[in-house]
Protein chains: 2
Amino acid sequence: MLLAFYKSLVWCYVNSMIDSKNTGKGKGVDGRSPCPVACSLDLLGDKWTLLVVRDLLLGKTTYTGFQRSPEGIPTNILAERLKRLQAAGIIEKSQYQERPVRYAYRLTEKGRDLQPVLLAMIDWGNKHIPGTVPRAEIEAMAQRLSEEK
Amino acid sequence: MLLAFYKSLVWCYVNSMIDSKNTGKGKGVDGRSPCPVACSLDLLGDKWTLLVVRDLLLGKTTYTGFQRSPEGIPTNILAERLKRLQAAGIIEKSQYQERPVRYAYRLTEKGRDLQPVLLAMIDWGNKHIPGTVPRAEIEAMAQRLSEEK
DNA sequence: TCTAGTTACTTTCTTTTTGCAAGTCACTTG
DNA sequence: CAAGTGACTTGCAAAAAGAAAGTAACTAGA
């Protein structure tokens, strides 16, 4: 019972150990807790963000490219997510031509490091959601998309 | 140009190949697309669901236990998420005592299979979000929580 | 040159979801 | 018998999502 109380406090305790408000040093986390899962979800926890990252990992780079994915992301949400991902240092935006101006979005190293998360989701989806495109097919597709420019 | 059009249609093509409306066999996917990432996000893509799964992997089993996590999930959202996870076969609800009635939530195999997703998120968070609790500490905590009952 | 089309968005508006607070109900413990 | 606990439900304001249309800069074709 006391133990139960202790258990419930473990995270809060760790929290107070690490929270920048208490230590005063470093930037620390600014999310709901110092849990890496919670912090990741603060950034990526919605229905669209990781789909954009998926498209980027598949080799897509343009606004319209993301829009054309079969899930049909609403344009205002896409614009907002691209800004957030850029602000978080997960993607970079570069102008690849003038007249007419065109932009390319690319993953940074921080963004590419999300690949294991996506792969784990693909494996889980393949195992537990019938009818999902198998990982091998997705990897082949990424290959095809990256070969041509 | 024609190639670009082809590229944009790849997913739609795969979609039509696999969609149960076209094949007629099996249940198929019911989400936004047959992409395993999109399907996983239809179920898990929000700020709270995977935190509940995290708690379950750490060994928590009760409603109040989830509520006491440092992120402070609102009670109505917790109730709704538990129902969704149960409906999706990711968790099971069991009554572990009468008078007073008390319930325990536990991960099914499908739910435990989400561990690699969480671990990938932990690793990413640890690498890219300063101040997050390291994976080793989380694993030690899970150990401590599971040793006592 | 006029028209239609493309890319990369922004704006507006409606609907849905979230988050907070409070309330409920069955029981237990002092 | 009053206060507390576990497991929720209900009501409501605020935030976010989603649909649709609009904008701006430029191109390519009739």
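Chain A is the first sequence line, chain B the second, and so forth, proteins listed ahead of strands; every chain is numbered from 1.
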S.K.: In whole angstroms, how far is the C1' atom of D:dA16 from the CH2 atom of A:W48?
M.R.: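 My rounded result for the distance is 14 Å.
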S.K.: Just to confirm, is there a sub-4.0 Å distance from OP1 or OP2 of C:dT18 to any side-chain nitrogen or oxygen of B:R81?
M.R.: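 True: B:R81 side-chain N/O within range (under 4.0 Å) of C:dT18 OP1/OP2.
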S.K.: Side chains of A:L56 and A:F66: closer than 4.5 Å at any heavy-atom pair?
M.R.: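 Sidechains of A:F66 and A:L56: in contact.
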S.K.: Just the atom pairs and distances: protein N or O near nucleotides 22-26 of chain C's N or O, under 3.5 Å.
M.R.:
none

S.K.: What is the separation between atom CG on A:N76 and atom C1' on D:dA21, rounded to the nearest whole Å?
M.R.: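 Spelled out: CG on A:N76 to C1' on D:dA21 is 12 Å.
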S.K.: In whole angstroms, how far is the P atom of D:dA25 from the CD atom of A:Q97?
M.R.: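 Distance check: A:Q97 CD to D:dA25 P gives 16 Å.
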S.K.: Which ILVMFWY residues are connected to B:V101, directly or by a chain of links, through side-chain heavy atoms under 4.5 Å apart?
M.R.: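 Traced through the cluster, B:V101 reaches B:Y103.
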S.K.: Any Lys/Arg nitrogen of B:D46 or A:K47 sitting under 4.0 Å from an Asp/Glu carboxylate oxygen of the other?
M.R.: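 No, no charged N to carboxylate O under 4.0 Å.
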S.K.: Can you tell me the distance, in whole Å, between the CD atom of A:Q67 and the P atom of D:dA21?
M.R.: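 Distance, rounded to whole Å: 15 Å.
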S.K.: From the options C:dG19, D:dG6, C:dT10, select the nucleotide whose nearest atom is closest to the side chain of A:A79.
M.R.: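 Nearest to the side chain of A:A79 among the choices is C:dT10.
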S.K.: Taking the nucleotide of DNA chain D with the nearest heavy atom to each, does B:T64 or A:E80 sit closer to the 5' end?
M.R.: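 Counting from the 5' end, the first nearest nucleotide belongs to B:T64.
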S.K.: Would you check if A:N126 and B:P36 make a side-chain contact, meaning some heavy-atom pair closer than 4.5 Å?
M.R.: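 Contact flag for A:N126/B:P36 side chains = yes.
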S.K.: Let me know the distance between NZ of B:K93 and C1' of D:dA7, rounded to the nearest Å.
M.R.: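 Distance check: B:K93 NZ to D:dA7 C1' gives 8 Å.
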S.K.: Identify which nucleotide among D:dA7, C:dG19, C:dA8 has an atom closest to any side-chain atom of B:Y96, counting heavy atoms from C-beta outward.
M.R.: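 Shortest atom-to-atom distance from the side chain points to D:dA7.
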S.K.: Could you state the atom-to-atom distance from CG of A:L78 to C1' of D:dG18 in whole Å?
M.R.: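 The distance from CG of A:L78 to C1' of D:dG18 comes to 13 Å, rounded to the nearest Å.
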S.K.: Under the salt bridge (charged side-chain N to carboxylate O under 4.0 Å, His left out) rule, what do B:E71 and B:R54 come out as? Steps first, then yes or no, please.
M.R.: CA-CA 12 Å; B:E71 292 86 11; B:R54 173 203 66 182; 2.8 Å; yes
S.K.: So, OP1 or OP2 of D:dT9: does either fall under 4.0 Å of a side-chain N or O from B:K83?
M.R.: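 Yes.
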S.K.: Is A:Y105 close enough to C:dC9 that one of its side-chain N or O atoms is under 4.0 Å from OP1 or OP2 there?
M.R.: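 Checking A:Y105 against C:dC9: at least one side-chain N or O falls below 4.0 Å of OP1 or OP2.
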S.K.: Among the candidates C:dC9, D:dC8, C:dT12, find the nucleotide nearest to the side-chain atoms of B:Y63.
M.R.: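 Among the listed nucleotides, the one closest to the side chain of B:Y63 is D:dC8.
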S.K.: Working note: A:R144 + A:E139, criterion salt bridge (charged side-chain N to carboxylate O under 4.0 Å, His left out); need CA distance, chi angles, decisive distance, verdict.
M.R.: CA-CA 9 Å; A:R144 281 201 305 280; A:E139 282 171 346; over 6 Å; no
S.K.: To the nearest Å, give me how far apart CD1 (A:I73) and P (C:dT7) are.
M.R.: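 Going from CD1 in A:I73 over to P in C:dT7 covers 17 Å.
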S.K.: Provide the full list of ring pair (Phe, Tyr, Trp, His ring centres under 6.0 Å) pairs with a residue in residues 122-143 of chain A, sequence neighbours left out, each pair given once.
M.R.: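 Qualifying pairs: A:W124-A:H128.
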S.K.: Quick one: A:Q95 CD to D:dA25 P, roughly how many Å, whole number?
M.R.: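 Going from CD in A:Q95 over to P in D:dA25 covers 14 Å.
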